[in-house]
2 protein chains.
Amino acid sequence: MKPKNLPLGNIDHEPIRIRSTEDLGAVLKVRRKKQKMTQSDLAGLAGTGVRYIVDLENGKQTAQIGPALKLIEWLGLEVTIREKKVD
Amino acid sequence: MKPKNLPLGNIDHEPIRIRSTEDLGAVLKVRRKKQKMTQSDLAGLAGTGVRYIVDLENGKQTAQIGPALKLIEWLGLEVTIREKKVD
DNA sequence: ATTAAAATTTCCCGTTAGGTAAAAATCTAT
DNA sequence: ATAGATTTTTACCTAACGGGAAATTTTAAT
């Protein structure tokens, strides 16, 4: 099978490595659109403001962790952490 | 093989699911000790203050994402995100 | 039990995250 | 092209993050 050429941030059931806030923002944005949600929708669900969502999706370094995890939950995603393969 | 009974937050190469900041804090703390680092060591490496490390390990909701990712890197860990299995 | 090292708490304080609301810019469809 | 919805930006503002340093508590070791 040839590896498919998927758009940046796309999630096709294989886990995506998050190295930076930019990575995270990209993934969340693509996922939100795939779920046909607006930023306001998400903000409402996760109990944050629109500004927070915008900042997060833009890879802001200083966005807070708590709300981000809730948001990820609402997007039907899950975060895992493990030892780096090559250390 | 019987599943081993590992201490909370231990990482034995299988990925750990992060649902909350408390989960994250616990994992990072155990990992730091396994690496024989002090909080000051880590703070120095990641370019943050000791207070930040303490807060993060204590599961503070409002800790910022950027420094956390750097820290995770320095601990030889990696973060991944994927679709929830059961949505 | 003492002593030392490490972890946590506390105080002071400049910087800023992020909420609301409104305006501007961008994207979608017809 | 134009209207409508969505996203982003902006401004204002309060709450609070997080750094440094010192003090206190906890842990570890002999």
Side-chain angles (χ1 to χ4, degrees), chain A residues 5-11 16 18-77 79 81, chain B residues 5-11 16 18-77 79 81:
Chain A
N5 201 5
L6 296 167
L8 181 69
N10 185 48
I11 291 187
I16 291 186
I18 303 295
R19 299 168 187 274
S20 66
T21 51
E22 287 80 10
D23 290 349
L24 180 61
V27 171
L28 296 187
K29 182 171 218 161
V30 170
R31 177 64 175 184
R32 175 177 56 78
K33 292 189 170 171
K34 191 172 293 178
Q35 303 283 72
K36 298 268 194 297
M37 296 189 196
T38 70
Q39 294 178 323
S40 299
D41 292 340
L42 247 192
L45 288 174
T48 69
V50 176
R51 260 275 305 282
Y52 178 79
I53 312 273
V54 172
D55 288 344
L56 191 65
E57 291 187 351
N58 274 43
K60 190 185 228 188
Q61 299 284 337
T62 55
Q64 303 181 348
I65 299 178
L69 288 176
K70 290 202 183 63
L71 231 127
I72 287 169
E73 192 72 20
W74 282 108
L75 286 174
L77 301 174
V79 176
I81 190 169
Chain B
N5 202 4
L6 296 167
L8 180 70
N10 183 48
I11 292 187
I16 290 186
I18 303 296
R19 298 169 186 272
S20 65
T21 52
E22 288 79 10
D23 290 350
L24 179 61
V27 170
L28 296 188
K29 182 170 217 162
V30 169
R31 177 65 174 184
R32 175 176 57 79
K33 292 190 169 169
K34 191 172 292 177
Q35 305 282 73
K36 298 268 193 298
M37 297 188 194
T38 70
Q39 295 178 321
S40 299
D41 292 341
L42 247 191
L45 287 174
T48 69
V50 176
R51 264 272 308 283
Y52 177 80
I53 310 276
V54 172
D55 288 344
L56 191 65
E57 291 186 350
N58 274 40
K60 190 184 228 188
Q61 299 283 337
T62 55
Q64 305 179 345
I65 299 178
L69 288 176
K70 290 201 183 64
L71 231 126
I72 288 170
E73 193 72 18
W74 281 108
L75 287 173
L77 301 174
V79 176
I81 191 167

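Within every chain, numbering begins at 1; the chains are lettered A, B, ... in the order of the sequence lines, protein sequences first and strands thereafter.
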Trainee: Find the distance between CG (A:Leu77) and CG (A:Leu69) and round it off to the nearest 0.5 Å.
Mentor: 11.5 Å
Trainee: Given axes from five pairs at either end, by how many degrees does the helix from C:dA1-D:dT30 to C:dT30-D:dA1 bend, rounded to 10°?
Mentor: 70°
Trainee: Given A:Gln61 and A:Glu22, is the side chain to side chain contact (heavy atoms under 4.5 Å, CB included) satisfied, shown in steps?
Mentor: CA-CA 8 Å; A:Gln61 299 284 337; A:Glu22 287 80 10; 3.7 Å; yes
Trainee: CG of A:Leu24 to CG of A:Leu71: how many Å apart, nearest 0.5 Å?
Mentor: 9.0 Å
Trainee: Measure CD/B:Glu57 against P/C:dA6 and give the value in whole Å, please.
Mentor: 14 Å
Trainee: Take the protein atom OH of B:Tyr52 and the nucleotide atom P of D:dC17, then report the distance between them rounded to whole Å.
Mentor: 12 Å
Trainee: Rounded to whole angstroms, how far apart are CD1 on B:Ile53 and C1' on C:dT9?
Mentor: 16 Å
Trainee: For the pair made of CG in A:Leu56 and P in C:dG19, what is the distance, rounded to whole Å?
Mentor: 11 Å
Trainee: Side-chain N or O of B:Lys29 versus OP1/OP2 of C:dT8: is the shortest distance under 4.0 Å?
Mentor: yes
Trainee: Would you list the atom pairs, donor with acceptor, under 3.5 Å between side chains in residues 43-57 of chain B and any protein atom, with sequence neighbours excluded?
Mentor:
from: B:Tyr52; atom 1: OH; to: B:Gln64; atom 2: O; distance (Å): 2.6
from: B:Tyr52; atom 1: OH; to: B:Ala68; atom 2: N; distance (Å): 3.1
from: B:Asp55; atom 1: OD2; to: B:Lys60; atom 2: NZ; distance (Å): 3.3
from: B:Glu57; atom 1: OE1; to: B:Arg32; atom 2: NH2; distance (Å): 3.2
from: B:Glu57; atom 1: OE1; to: B:Gln39; atom 2: NE2; distance (Å): 3.1
from: B:Glu57; atom 1: OE2; to: B:Arg32; atom 2: NE; distance (Å): 2.7
from: B:Glu57; atom 1: OE2; to: B:Arg32; atom 2: NH2; distance (Å): 3.4

Trainee: For DNA chain C, what residues of residues 38-48 of chain B have any heavy atom nearer than 4.0 Å?
Mentor: B:Thr38, B:Gln39
Trainee: Nearest 0.5 Å, what's the CD1-CD1 distance between B:Ile81 and A:Ile18?
Mentor: 5.5 Å
Trainee: Verify side chain to side chain contact (heavy atoms under 4.5 Å, CB included) between B:Asp23 and B:Ile16, making sure each step is shown before the conclusion.
Mentor: CA-CA 9 Å; B:Asp23 290 350; B:Ile16 290 186; over 6 Å; no
Trainee: Check the interface with nucleotides 25-30 of chain D: list each N/O to N/O pair with the protein under 3.5 Å, or write none.
Mentor:
none

Trainee: Between the protein and nucleotides 10-15 of chain D, list every N/O to N/O distance that falls short of 3.5 Å.
Mentor:
from: D:dA11; atom 1: N6; to: A:Arg51; atom 2: NH1; distance (Å): 3.1

Trainee: How long is the line joining CG of A:Asp55 and C1' of D:dT7, in whole Å?
Mentor: 13 Å
Trainee: Roughly how many Å is it from NZ in A:Lys36 to C1' in D:dT7, rounded to a whole number?
Mentor: 17 Å
Trainee: Would you jot down, in residue-number order, the residues of residues 60-72 of chain B having a non-hydrogen atom under 4.0 Å from DNA chain C?
Mentor: B:Gln64
Trainee: What residues, two or more places apart in sequence or in another chain, satisfy side-chain hydrogen bond (donor to acceptor under 3.5 Å, both in side chains) together with A:Asp41?
Mentor: A:Thr38
Trainee: Reading nucleotides 23-30 of chain C from the 5' end, what letters show protein touch, with B for base, S for backbone sugar-phosphate only, - for no heavy atom under 4.0 Å?
Mentor: --------
